[in-house]
Peer 1: 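Let me give you the structure first, and then I'll get to my questions.
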There are 4 protein chains.
Amino acid sequence: MAQVPKEHVRRRIVAAAAHLFAARGYAATTVASVAARAGTSTGNVYKYFAGKEALFDAVLPEAFARDVRRLTHARIVALGSARDVRELPRDARYHVVAGELLERCLAERERVVILLARAEGTRFARFAEDFGRALVSWALGYARRAWPEVPRSPALGFALSAVYRGYLRSLAEALMSLPSRPRAQAAIELLTTHHQGGLAQLFASLARGPAPRELAP
Amino acid sequence: MAQVPKEHVRRRIVAAAAHLFAARGYAATTVASVAARAGTSTGNVYKYFAGKEALFDAVLPEAFARDVRRLTHARIVALGSARDVRELPRDARYHVVAGELLERCLAERERVVILLARAEGTRFARFAEDFGRALVSWALGYARRAWPEVPRSPALGFALSAVYRGYLRSLAEALMSLPSRPRAQAAIELLTTHHQGGLAQLFASLARGPAPRELAP
Amino acid sequence: MAQVPKEHVRRRIVAAAAHLFAARGYAATTVASVAARAGTSTGNVYKYFAGKEALFDAVLPEAFARDVRRLTHARIVALGSARDVRELPRDARYHVVAGELLERCLAERERVVILLARAEGTRFARFAEDFGRALVSWALGYARRAWPEVPRSPALGFALSAVYRGYLRSLAEALMSLPSRPRAQAAIELLTTHHQGGLAQLFASLARGPAPRELAP
Amino acid sequence: MAQVPKEHVRRRIVAAAAHLFAARGYAATTVASVAARAGTSTGNVYKYFAGKEALFDAVLPEAFARDVRRLTHARIVALGSARDVRELPRDARYHVVAGELLERCLAERERVVILLARAEGTRFARFAEDFGRALVSWALGYARRAWPEVPRSPALGFALSAVYRGYLRSLAEALMSLPSRPRAQAAIELLTTHHQGGLAQLFASLARGPAPRELAP
DNA sequence: AATGAATGAGATTTCATTCAT
DNA sequence: AATGAATGAAATCTCATTCAT
């Protein structure tokens with residue numbers, strides 16, 4: 001047998017990498033610093049991972065990004081397909097981030113942060129941007145049912161995408177900064193309330209009509 | 001040899017650096033690329049600036065950050081001190097980013113972007129975070145006058161700070177992505193509407209009272 | 001102007017690399033050793049070449065390999081198409097390596113050596129082997145006209161290919177070891193005499209012709 | 001723990017090393033790959049050998065190189081001391097590589113290959129070159145008896161040495177590439193025929209004897 | 001004795017900074 | 001003042017060698 005159980009070290013390396021990637025970003029994190037934080041040597045990291053990229057893949061597998069996308073889409077569809085927000089189960093109301101998605105976000109904080117805000121230099125560099133755009137198109141579909149008069153414009157397209165990206169980033173940072181689970185969840189609910197209140201106000205002002213009774217997702 | 005006025009070259013270097021820092025971030029920008037874009041040589045950059053950090057200081061002087069902070073604070077105070085939003089001059093209504101601050105943002109897009117979103121690796125790395133926190137404390141003071149029942153909680157503190165940072169970031173990205181002045185301004189107005197609508201909704205829900213007639217800054 | 005003419009340094013680097021690649025092989029040569037021999041620093045080598053591979057390409061461009069192949073083929077065709085060796089011009093007689101090919105070999109000794117014997121780790125790793133096989137097939141075509149009874153066998157195929165590769169290698173080494181041009185040329189002629197005498201003997205013995213009267217050990 | 005006889009493991013390690021050194025060369029072979037092929041661990045290799053060099057010594061002991069040298073010399077002396085080639089025993093005739101030497105070559109292919117062609121980076125790096133020179137001096141002695149007019153010249157010295165080295169290398173490659181014993185032996189005979197025919201031709205031409213009637217390309 | 005994880009020196013490559021011209 | 005070649009420190013990655021189990 002070897003002197004330390006392999007799996008133990010591997011986990012320590014992945015944890016160290018996740019922490020540092022989330023804290024400083026992929027590019028600014030050196031393999032040496034990961035090794036140091038994991039309590040091992042630079043060379044040894046390469047016993048477990050083929051290289052820095054492979055280490056990143058272990059921290060943030062493609063499947064994770066897929067899940068985030070899928071779960072988010074599912075939430076939007078669920079919220080949007082309800083004829084009226086009042087039909088939604090009480091605690092799901094207004095919340096894009098709820099259910100399984102919320103669980104994942106809380107359980108895998110660092111991954112969410114990296115995916116949404118620290119992926120510079122990786123294949124997910126554009127994820128937040130692309131995802132923001134996708135969210136906008138999903139959300140616009142829903143919004144048009146409530147406010148059919150909402151016009152199209154480049155500025156609006158940009159603003160919505162920025163708003164969604166900002167929302168996602170905020171979620172990521174909440175997960176990052178609030179180690180206690182209930183606090184993180186509370187913050188997410190506040191952020192979502194803000195996000196949706198903002199969208200409602202935005203669409204209402206564009207439609208020049210009165211604020212709708214029920215809010216956008 | 002050449003009697004090119006020093007100031008001319010210096011400005012070209014600063015402009016090139018501002019552009020590249022804003023586009024790729026401080027760390028990812030090489031001095032060589034700045035020199036190339038400025039149409040001069042690497043070595044010559046060091047005739048004008050002591051090093052990469054000094055170049056950054058020239059692009060984004062402490063005074064600029066101070067101005068952003070001061071002008072923003074002034075706006076918040078102005079909005080908050082009005083007994084009623086209806087007292088505000090018409091076109092300033094609801095807008096944190098307006099007046100001189102808006103002018104500066106539009107005129108010096110790149111600096112704002114760098115300050116709020118591309119400062120990784122510089123002494124402003126935490127600016128957005130700290131600034132977000134400051135905005136929160138200013139805004140909370142105002143909010144408490146309108147919704148005295150709003151409780152204090154770490155989650156709320158964090159959420160507000162995140163919301164403000166997200167707002168600032170969105171502004172930065174709007175400035176970055178929309179080169180046309182009217183579009184950038186339109187996007188900023190939409191972002192501000194969203195931001196303030198969101199805050200109103202957030203405070204209202206916390207106060208469990210009805211949404212107020214007039215919105216928070 | 002810079003402190004040293006660029007072209008001068010570039011040439012020194014290429015020359016140093018050519019020397020070391022030829023002496024120790026590509027893989028065993030470090031960029032640092034090339035830089036040292038060129039009288040410069042490791043980092044500076046990268047001002048002139050994108051990397052070790054690019055440096056190799058500069059030392060041994062694809063075109064050089066193509067020329068060696070083409071000129072050799074042309075010689076074999078020229079020799080083989082003569083109905084009788086006695087028809088060949090006096091000084092071309094017997095010589096695969098003559099004319100332009102000989103010139104290139106003498107003028108670019110190190111490149112020939114690298115191509116034929118020190119290319120491990122580069123895209124020319126298999127050049128000598130492939131080239132040997134090609135030479136065999138060209139030469140066998142000619143040989144069958146002179147000795148139609150020559151049989152086919154794996155051992156013969158292998159032996160011919162080895163003989164040709166050995167011949168090429170010898171040429172390379174002659175070029176390497178004999179700095180004086182007349183000596184190198186003299187050695188090449190001797191090597192060619194040996195090579196061709198050996199082939200004649202080989203084919204003759206296979207054709208069951210008489211063994212020559214005299215034999216060297 | 002395990003009471004596997006030490007000698008068994010040792011042999012497996014040496015065999016694995018011999019195979020890999022012959023296939024890829026000393027420098028390109030990693031100790032880990034040797035261990036893997038031997039079905040043991042890297043660490044354990046160091047229980048049997050002080051290091052990579054010691055492992056090489058075990059694969060290719062000085063005695064082996066000495067034997068190759070001695071047996072070859074003996075063959076040359078035997079061939080050279082016969083007043084006439086016709087006095088030699090039939091199957092030894094013309095063959096430098098025959099008898100015990102041939103046996104050793106066939107039985108210990110890998111070692112011969114390493115010694116003659118894959119010793120880059122070891123103390124035998126120059127063996128082939130030195131050995132070629134030695135062969136030349138032995139052979140020249142013999143040749144002068146048959147062709148007393150053969151002149152001395154640096155080019156001739158070099159050419160002979162190259163020819164011998166090429167011959168040795170070819171033998172090594174035949175041993176490498178032809179796993180079947182009869183084929184390897186057949187190839188060796190063909191290579192030897194070529195080698196000796198070439199020498200005869202070479203000496204004859206130097207002695208101003210007539211060119212042979214037929215010539216290969 | 002055996003394992004394979006761990007180490008650290010060295011290789012390639014990048015880039016802020018310096019320096020000769 | 002201007003140039004861009006030169007330098008050297010640091011990052012990624014490999015591998016011979018050591019060591020805890």
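Within every chain, numbering begins at 1; the chains are lettered A, B, ... in the order of the sequence lines, protein sequences first and strands thereafter. The model shown is predicted, which means the values in this text are computed figures rather than measured ones.
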Peer 1: Looking only at side-chain N and O atoms, does S41(B) come under 4.0 Å of OP1 or OP2 in dT3(F)?
Peer 2: yes
Peer 1: So, is Y48(D) close to the dA1(E) phosphate, meaning a side-chain N or O under 4.0 Å from OP1 or OP2?
Peer 2: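 No, Y48(D) has no side-chain N/O under 4.0 Å of OP1/OP2 on dA1(E).
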Peer 1: Answer with base, sugar-phosphate or nothing: what part of the nucleic acid does S33(A) contact at a heavy-atom distance below 4.0 Å?
Peer 2: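 Since no nucleic acid heavy atom lies under 4.0 Å of S33(A), the category is nothing.
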Peer 1: Look only at the side chain of R118(B) and the backbone of A22(B), and say whether a donor-acceptor pair between them is shorter than 3.5 Å.
Peer 2: yes
Peer 1: Tell me whether the rings of F56(C) and F21(C) are parallel (<30°), tilted (30 to 60°) or perpendicular (>60°).
Peer 2: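 It falls in the tilted class, 30° to 60°.
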Peer 1: Are K52(A) and dT12(F) close enough that a side-chain N or O sits under 4.0 Å from OP1 or OP2?
Peer 2: yes
Peer 1: Just call it for G51(C): base, sugar-phosphate, or nothing, with non-hydrogen atoms closer than 4.0 Å on any strand.
Peer 2: sugar-phosphate
Peer 1: Below 4.0 angstrom, N of the basic side chain to O of the carboxylate: do R69(B) and E62(B) qualify?
Peer 2: no
Peer 1: Taking for each residue the nucleotide of DNA chain F with the nearest heavy atom, is it A32(A) or V45(B) whose nucleotide lies nearer the 5' end?
Peer 2: V45(B)
Peer 1: Give a yes/no answer on whether the side chain of Y46(B) brings an N or O atom under 4.0 Å of OP1 or OP2 in dA2(F).
Peer 2: no
Peer 1: Should dC15(E) form a Watson-Crick or G-U wobble pair with both distances under 3.5 Å, which nucleotide is its partner?
Peer 2: dG8(F)
Peer 1: Between dA6(F) atom C1' and I13(C) atom CD1, what is the distance in whole Å?
Peer 2: 10 Å
Peer 1: Mapping N44(A) and T30(B) onto DNA chain E by nearest heavy atom, which one lands closer to the 5' end?
Peer 2: N44(A)
Peer 1: On the nucleotide dC15(E), are OP1 or OP2 found under 4.0 Å from the side-chain N or O atoms that T42(B) carries?
Peer 2: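 Answer is no, no contact under 4.0 Å.
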Peer 1: Whom does dC13(F) pair with, Watson-Crick or G-U wobble, provided both distances fall under 3.5 Å?
Peer 2: dG10(E)
Peer 1: Is the Lys NZ or Arg CZ of K52(D) less than 6.0 Å from the centre of Y46(D)'s six-membered ring, within 45° of the axis?
Peer 2: no
Peer 1: Could you pick out which residue, T29(B) or K47(B), lies toward the 5' side of DNA chain E when each is mapped onto its nearest nucleotide?
Peer 2: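 Nearest-nucleotide comparison on DNA chain E picks T29(B).
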